[in-house]
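Within every chain, numbering begins at 1; the chains are lettered A, B, ... in the order of the sequence lines, protein sequences first and strands thereafter. Below, each value reflects all heavy atoms present in this structure, side chains not excepted, and no hydrogens, waters or symmetry copies.
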Number of protein chains: 2
Amino acid sequence: MTKKRVTIYHLAEELGMSVSYVSRALNNHPLVNQKIKDRVKKRATELNYKPNANAANLRQGSSRTIGVVVPQINYSFFSDVISGIEEVCSQNNHTLIICQSHDSYKQECLAVETLIHNNVDCVFISVAAETQSATHLEEIKKHDIELIQFDRCVDQLDGYKVLNDNESASFEVVEKLIEQGYKRIAFIGGPVHLNVFRDRKEGYLRAIKKHGLSIPYNFIIDNALSNQTVVEAATELLSLEEPPDAFFNVSDHQSLTILKIAKSMGIEVPQQLGIFGFANEIFSGMISPSLSSVDQKSKLMGNKTANFYFNHILNKREEFPSLSKEIIKTEIIVRESSKRNNS
Amino acid sequence: MTKKRVTIYHLAEELGMSVSYVSRALNNHPLVNQKIKDRVKKRATELNYKPNANAANLRQGSSRTIGVVVPQINYSFFSDVISGIEEVCSQNNHTLIICQSHDSYKQECLAVETLIHNNVDCVFISVAAETQSATHLEEIKKHDIELIQFDRCVDQLDGYKVLNDNESASFEVVEKLIEQGYKRIAFIGGPVHLNVFRDRKEGYLRAIKKHGLSIPYNFIIDNALSNQTVVEAATELLSLEEPPDAFFNVSDHQSLTILKIAKSMGIEVPQQLGIFGFANEIFSGMISPSLSSVDQKSKLMGNKTANFYFNHILNKREEFPSLSKEIIKTEIIVRESSKRNNS
DNA sequence: ATAATTATTGAAATCGATTTCAAAGAATAA
DNA sequence: TTATTCTTTGAAATCGATTTCAATAATTAT
């Protein structure tokens, strides 16, 4: 009962011409008369003809497909980026295949395998927290597939990268905290083998150095993405005789956790404790006190990553000079959690 | 400089056997000796052979690919559903192609076209707010592609559907409001041509009827998904001489807007005004007062939708009786915004 | 030893498009 | 009229896998 799909052969027979001619007519080939094109296309829609992309891709080598690998689709940052990527890809008639690594190196490798099998033209990747090697990414290149890393990149591999200005944004954030009179600023970071967290830490350190603040070594906590780690670290720090008077965090989730701990310990935010985070999550502006944060322009990052491919790689257009890195300016959003009323 | 991809032909030549044999060896065909399988596979990885899915799909008719269409990838509900879908699909060695309709019927049709071109085996769709016709979905079936609708479905089309218990959840919510002594309960809904919003409205109406409450006609607002509509409607209602004493909303964003309006008008939540929403957005539990809401188990919905395909459609397995609808039980989460202190 | 059966192996067709190459037809120039 | 150019058209090869069908080799039964 399964009707066979209408192919270009049926069309050709119906129209009494050869398949090659029909193919050219459908693809707007200049060697075909306009009238014929119209006739073929009309009949094609009538017969409900849909080209088989597999066949075309097999023949052409290109698949007009982009593979995306992210740690989690449903983290707001990544879903925004993907939304931005999708927008541009669909404008350019490209399809998206999406995989998540769940922050596992192994699953990331599997995802990369899948994308190679599917013959994608390019891979956009933001690597898993676990990822410390680039062999799987080199694999991609070996297969003549283009590669663009965005946000979380591996250092071992050069090539196209789309990034935020993590270092300078962090520097500015810490200066803003200092302006407000905070002096004992702690840093809650992520795994330092990932560029984004390392850069944020470096920005923090640069500001601290510039202003000659003396910070106890244990005010700097790396690898604190999990909630539990934050709870433990912050509780310990805030219980010190001389506790920090501010926290700069690499995520808003960390900020939120710290805010809760502060509340439970009766510490007033922002008077006694300033909090500044990263990512500008949807809840950051909603809760009370509202959380200061760095907006990463995530959707724009998606747009730019995709455009990077279409402008710089696919059609190396003259108006776009070739480059390998694109830095996206973040926006620093000062809210209640870092603004003392002494102004 | 572009090295040609290693194909099964290279492999066959290297190994001194025919391509058919190599193919069977790689695919664990029972007719091939285990030793040969091992040898072929070993050499395949050595030579860095990656099968071309396009070629296989073309030949086999099936693509092991699922297409997903949602209004917006970065709405938390949909990104959670997609995450759940992805999980199950990757377990079953299927690839995901994802499209967004941006709530436009036209873009939804384009997305469907794309998926047909790409020869997907099945489409999972949650339709755009604009969608009122099913012709594009019938198109999918005409091409012998399976179709599962989830959450937002069109009524005109029967077939597989995965849904929340919108009606009964709404009924319960309204009863919970009534228990708390709220009597003049307004309803802020969505476009009624979409099942989910209609069902929520019906649940609301059933509870109202059961308890014999008299509600002025203008307390029931349909098609209020946009922020502006909510602002206008809520402001008007709350300015009445006899304003509503509670709102049941089809989304938490609506709840949030109403909460803000109430605050700005000096109306106390939940004492003077109860608020209950839908979707249990990430911020709902974080703000103050925290917002009561219905958790839709979105990731589970993704899992179930995908499993529906693998269990009921792809391999009609005996342990799963054939059915066409799956209802997922929501969880009703009562928070501060609907709990009067009179308990 | 021969027939019957089973296990291995491979040649060639196939999926549905694109594209090369060449032929045929039409238009123009000599 | 013939030679030349340009346009229109189609046969067949191609992409890289899978699969059918048949042939050969190895094993077992008679």
| task | For nucleotides 18-23 of chain D, just jot down a letter per nucleotide in 5' to 3' order: B, S or -, based on protein non-hydrogen atoms under 4.0 Å. | result | BBB---

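The CG-C1' distance, from B/L11 to D/dA17, rounds to 12 Å in whole Å. Note: NZ (A/K50) to P (C/dA17) measures 12 Å, nearest angstrom. Rounded to whole Å, atom C1' of D/dT7 lies 13 Å from atom NZ of A/K37. Regarding A/L15, its CG atom lies at a distance of 15 Å from the C1' atom of D/dG10, rounded to whole Å. Rounded to a whole Å, the CG atom of A/N119 is 10 Å from the C1' atom of D/dG16. Taking atom CG on A/L31 and atom C1' on D/dT9, their separation rounds to 10 Å, with Å as the unit. When rounded to the nearest whole Å, the span between CG of A/L58 and C1' of D/dA13 equals 13 Å. Taking atom CD of residue B/E13 and atom P of nucleotide D/dG16, one finds them 14 Å apart after rounding to whole Å.
Contact between the side-chain N/O atoms of A/T7 and the OP1/OP2 oxygens of C/dG16 is not found at any separation under 4.0 Å.
B/N27 contributes atom CG, which lies 8.5 Å from atom NZ of B/K41 (distance to the nearest 0.5 angstrom). Atom CD of A/E139 sits about 12.5 Å away from atom CG of A/L115, to the nearest 0.5 Å. Interatomic distance, NE2 of B/H193 versus CD of B/Q156, reported as 9.0 Å (0.5 Å rounding). The distance from atom CD1 of B/I328 to atom OG1 of B/T305, rounded to the nearest 0.5 Å, is 6.0 Å. The line from CG of B/D103 to CZ of B/R152 is 5.0 Å long, rounded to the nearest 0.5 Å.
Nearest-nucleotide mapping onto DNA chain C: of B/M17 and A/P51, the residue sitting toward the 5' end is B/M17.
Note on B/N33: only backbone sugar-phosphate atoms sit closer than 4.0 angstrom, heavy atoms only; bases stay farther off.
Considering only residues two or more places apart in sequence or on other chains, B/F308 meets the ring pair (Phe, Tyr, Trp, His ring centres under 6.0 Å) condition with B/Y160, B/H312.
The pair B/K141-B/E138 does not meet the salt-bridge criterion, since no charged nitrogen lies less than 4.0 angstrom from a carboxylate oxygen.
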